[in-house]
Asker: 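To start, I am sharing the structure in question, which I have written as structure tokens.
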Amino acid sequence: MSLRCAVAGLNRGAKFVELLQANADCEVVAVCDPRPFKLDEQSGIDGFADFEQMLETAKPDLVALITPGPAHAGQSLMALQAGANVLVETPNVYSAEDASAIVDTVRETDLNYMLAEDYIYMGWCQRLAERVAEGVLGTVLGGMAEYTHDCRGAAFLNEEGNTRPLSAAGERGLTPLWRFSDLPPLAYSSHTLGPLLHLMGDRCVTATGIVAGRQDVVGVDMFPLETAIFETESGGTINLTNGFMLSHPFVFFLALYGTEGSIRVMSTDYTDPEALRVVISTDEAGPGWRDWPMQWHERDDDRDHLQVMVDAPAPFDEARSMDFCLPGVLAHESARRGGERIDIPLF
Ligand SMILES: NC(=O)c1ccc[n+]([C@@H]2O[C@H](COP(=O)([O-])OP(=O)(O)OC[C@H]3O[C@@H](n4cnc5c(N)ncnc54)[C@H](O)[C@@H]3O)[C@@H](O)[C@H]2O)c1
């Protein structure tokens, strides 16, 4: 019998409808989006404007939450309480209280809950995971990462429903988009922290954050550039820098530091698979960096990384799903509090 699935949020979520339909064990029986034209695009699938009504009527076994980040925790709890397993996009939580309530509910209901952190399934991460597990870096002492993405072009919606840039602040009739008003850079840390912790086999135990350029833009508390330092359970360190509202084209950067080797990964354009450079240095191979040619998504099994994520038996449970986002959220909280070090709850 196939799993009755529902997808909420049909922008990126339209791709999840395809991914779930392509899984022979799944059938998408319902979609949910408050925008009627988004429901119309999913012909043949029952559409709902209201999430609770969708849960009550369609009674799905699994809900994919591809809605705006601030909706995720509340919708996760509603879905779990209605008896549905949850696959949720990043960021999955905005506070330690959200995380704790979700973990408790998952354990009480004995359902599955997984963060849809897709970078871990990309070819580059898969290859690095194999080499790191073989011990090529020796003991991994720490990691560093950066995720910088110039999002200034879409900060507001105007009354005609068109996006307006940050520079339009002050024009009449603008509504801030959630990515501008409700996505502090460090809350969007799972694309870098997820792969780092996965490769290191570790988790973060404390978070310290600091912010640069903080300002009020028409009532939005804006954090252009944030840096976090995490201590890990095994005594390592991770530092992350994220920024969205600044003049800096896309960069994804990640480094792993080991006792016998180190790795650096950098992409300067996520739409160009060739715009990735990976270099590795090991004591065994001798001094200096050597290129490790590979592409951004391309996996050794030639499969689409998102399809692998959706098809795989959930490799990350509720506790691991919290490890990838909550530290960033708490580092942002630390930055708001002027750099106070915060203990991260471990589930
Ligand atoms: N992994 C990645 O690389 C990646 C890339 C893009 C987006 N994302 C994540 O995916 C999620 C969605 O991103 P997006 O770009 O599609 O966002 P978006 O804001 O462009 O679209 C969100 C969609 O959800 C709908 N929606 C809003 N409130 C809803 C509600 N309460 N119930 C149901 N639907 C609702 C909106 O009408 C819209 O169609 C976010 O969490 C984002 O961070 C991840």
Side-chain angles (χ1 to χ4, degrees), residues 5 7-23 26 28 62-69 71-72 75-76 85-93 112-130 132 143 145-149 151 179 183 185-200 240 242 244 250-254 265-267 269-273 275-276 278 294-318 320-329:
C5 301
V7 177
L10 294 173
N11 196 13
R12 179 169 171 83
K15 177 71 184 168
F16 279 74
V17 173
E18 283 173 27
L19 296 166
L20 288 164
Q21 297 284 44
N23 180 321
C26 296
V28 179
L62 178 142
V63 177
L65 293 171
I66 324 297
T67 47
H72 290 165
Q75 289 184 327
S76 295
N85 299 283
V86 169
L87 177 69
V88 57
E89 256 296 351
T90 186
N92 56 339
V93 291
N112 288 300
Y113 170 93
M114 189 179 106
L115 177 71
E117 180 37 69
D118 63 310
Y119 279 49
I120 287 168
Y121 305 86
M122 291 177 180
W124 66 265
C125 191
Q126 184 199 8
R127 290 187 193 99
L128 263 58
E130 283 165 11
V132 173
E146 175 187 338
Y147 189 87
T148 328
H149 196 167
C151 297
R179 278 197 168 78
L183 191 62
L186 285 176
Y188 202 74
S189 59
S190 68
H191 291 337
T192 44
L193 192 57
L196 273 176
L197 291 173
H198 178 60
L199 294 165
M200 292 166 74
L240 291 191
N242 282 14
F244 302 140
F250 174 86
V251 159
F252 173 91
F253 168 74
L254 184 147
V265 176
M266 183 161 103
S267 168
D269 182 353
Y270 68 98
T271 63
D272 177 1
L276 177 74
V278 181
M294 62 177 86
Q295 294 186 2
W296 183 234
H297 289 122
E298 180 203 38
R299 291 172 50 93
D300 290 340
D301 59 10
D302 287 330
R303 295 193 64 207
D304 175 288
H305 79 287
L306 289 172
Q307 193 69 54
V308 173
M309 176 175 75
V310 165
D311 290 353
F316 304 121
D317 64 6
E318 66 282 359
R320 198 60 173 148
S321 296
M322 295 308 166
D323 288 347
F324 295 163
C325 276
L326 184 59
V329 163

Asker: Could you check whether any side-chain heavy atom of Leu19 comes within less than 4.5 Å of a side-chain heavy atom of Asp304, counting everything from C-beta outward?
Answerer: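 Leu19 vs Asp304: side chains touch.
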
Asker: Tell me, do Cys26 and Leu62 make a side-chain contact under 4.5 Å, heavy atoms counted?
Answerer: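 Side chain of Cys26 against side chain of Leu62, heavy atoms only: no contact under 4.5 Å found.
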
Asker: Which pair of non-hydrogen atoms, one from Gly143 and one from Leu196, has the smallest distance, and what is that distance?
Answerer: CA-CD2, 4.1 Å

Asker: Check the pair Leu276 / Gln295 against side chain to side chain contact (heavy atoms under 4.5 Å, CB included), numbers first and verdict last.
Answerer: CA-CA 6 Å; Leu276 177 74; Gln295 294 186 2; 5.7 Å; no

Asker: Taking all heavy atoms of Leu193 and all of Gly328, pick out the closest pair and write down the distance.
Answerer: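 The answer is CD2-N, 4.4 Å.
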
Asker: Do other residues, nucleotides or ligands put more than 12 heavy atoms under 6.0 Å from Phe253 CZ?
Answerer: yes

Asker: First locate atom CH2 of Trp124, then atom NE2 of His297, and finally report the distance between them rounded to the nearest 0.5 Å.
Answerer: 10.5 Å

Asker: Quick one: does Asn92's side chain get under 4.5 Å of Val86's, heavy atoms only?
Answerer: no

Asker: Under the side chain to side chain contact (heavy atoms under 4.5 Å, CB included) rule, what do Asp300 and Glu130 come out as? Steps first, then yes or no, please.
Answerer: CA-CA 12 Å; Asp300 290 340; Glu130 283 165 11; 4.3 Å; yes

Asker: Can you confirm whether Phe250 sits close enough to Ser267 that some side-chain heavy atom of one is under 4.5 Å from a side-chain heavy atom of the other?
Answerer: yes

Asker: Would a 4.5 Å heavy-atom cut-off, applied to side chains only, mark Gln126 and His305 as touching?
Answerer: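 Heavy-atom side-chain distance check fails, nothing below 4.5 Å.
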
Asker: Given the rule in the side chain to side chain contact (heavy atoms under 4.5 Å, CB included) test, do Thr192 and Tyr119 qualify, once you have shown the distances and angles that lead to the verdict?
Answerer: CA-CA 8 Å; Thr192 44; Tyr119 279 49; over 6 Å; no

Asker: Side-chain donor-acceptor contacts of residues 9-16 below 3.5 Å, not counting sequence neighbours, with atom names and distances?
Answerer:
| unit_1 | atom_1 | unit_2 | atom_2 | d |
| --- | --- | --- | --- | --- |
| Arg12 | NE | Glu89 | OE2 | 2.7 |
| Arg12 | NH2 | Glu89 | OE2 | 3.4 |

Asker: Taking the side chain as everything from C-beta on, heavy atoms only, tell me whether Asp311 gets closer than 4.5 Å to Arg303.
Answerer: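 When only atoms from C-beta onward are counted, Arg303 and Asp311 do touch, with a gap below 4.5 Å.
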
Asker: May I ask you to say whether Asp323 pairs ionically with Arg320, meaning some side-chain N is under 4.0 Å from a carboxylate O?
Answerer: yes

Asker: Step by step, work out the ring-ring contact (aromatic ring centres under 6.0 Å, His included) result for His149 and Tyr270.
Answerer: CA-CA 10 Å; His149 196 167; Tyr270 68 98; 5.4 Å; yes

Asker: Are any of the side-chain heavy atoms of Leu197 and Phe324 separated by less than 4.5 Å?
Answerer: yes

Asker: Roughly how far, to the nearest 0.5 Å, is the CG atom of Leu115 from the CD atom of Glu318?
Answerer: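 That separation rounds to 12.5 Å.
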
Asker: Verify side chain to side chain contact (heavy atoms under 4.5 Å, CB included) between His191 and Asp118, making sure each step is shown before the conclusion.
Answerer: CA-CA 8 Å; His191 291 337; Asp118 63 310; 3.8 Å; yes

Asker: Identify the heavy atoms of Ser76 and Leu65 that sit nearest to each other, and give their distance.
Answerer: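 Shortest heavy-atom separation between Ser76 and Leu65 comes out as OG-CD1, 3.4 Å.
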
Asker: Can Arg299 and Asp301 be counted as an ion pair, charged N to O under 4.0 angstrom?
Answerer: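 Between Asp301 and Arg299 there is a salt bridge, with a charged N closer than 4.0 Å to a carboxylate O.
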
Asker: Hey, could you give me the SG/CG distance between Cys5 and Leu87, rounded to the nearest 0.5 Å?
Answerer: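 Output value for this atom pair is 9.0 Å.
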
Asker: Within the 4.5 Å heavy-atom criterion, are Thr90 and Tyr188 side-chain neighbours or not?
Answerer: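 Result yes, sub-4.5 Å side-chain heavy-atom pair found.
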
Asker: Between Met114 and Phe316, which heavy-atom pair has the shortest distance, and what is it?
Answerer: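 Closest approach of Met114 to Phe316, heavy atoms only: CG-O, 3.5 Å.
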
Asker: Over all heavy atoms of both residues, which pair between Pro195 and Ser190 is shortest? Give the atoms and the distance, please.
Answerer: CD-O, 3.3 Å

Asker: What's the separation between atom CE in Met122 and atom CZ in Arg127, rounded to the nearest 0.5 Å?
Answerer: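 Rounded to the nearest 0.5 Å, the CE-CZ separation comes out at 12.5 Å.
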
Asker: Taking all non-hydrogen atoms of both residues, which atom of Pro91 and which atom of Ala187 are closest, and how far apart?
Answerer: CB-O, 3.3 Å

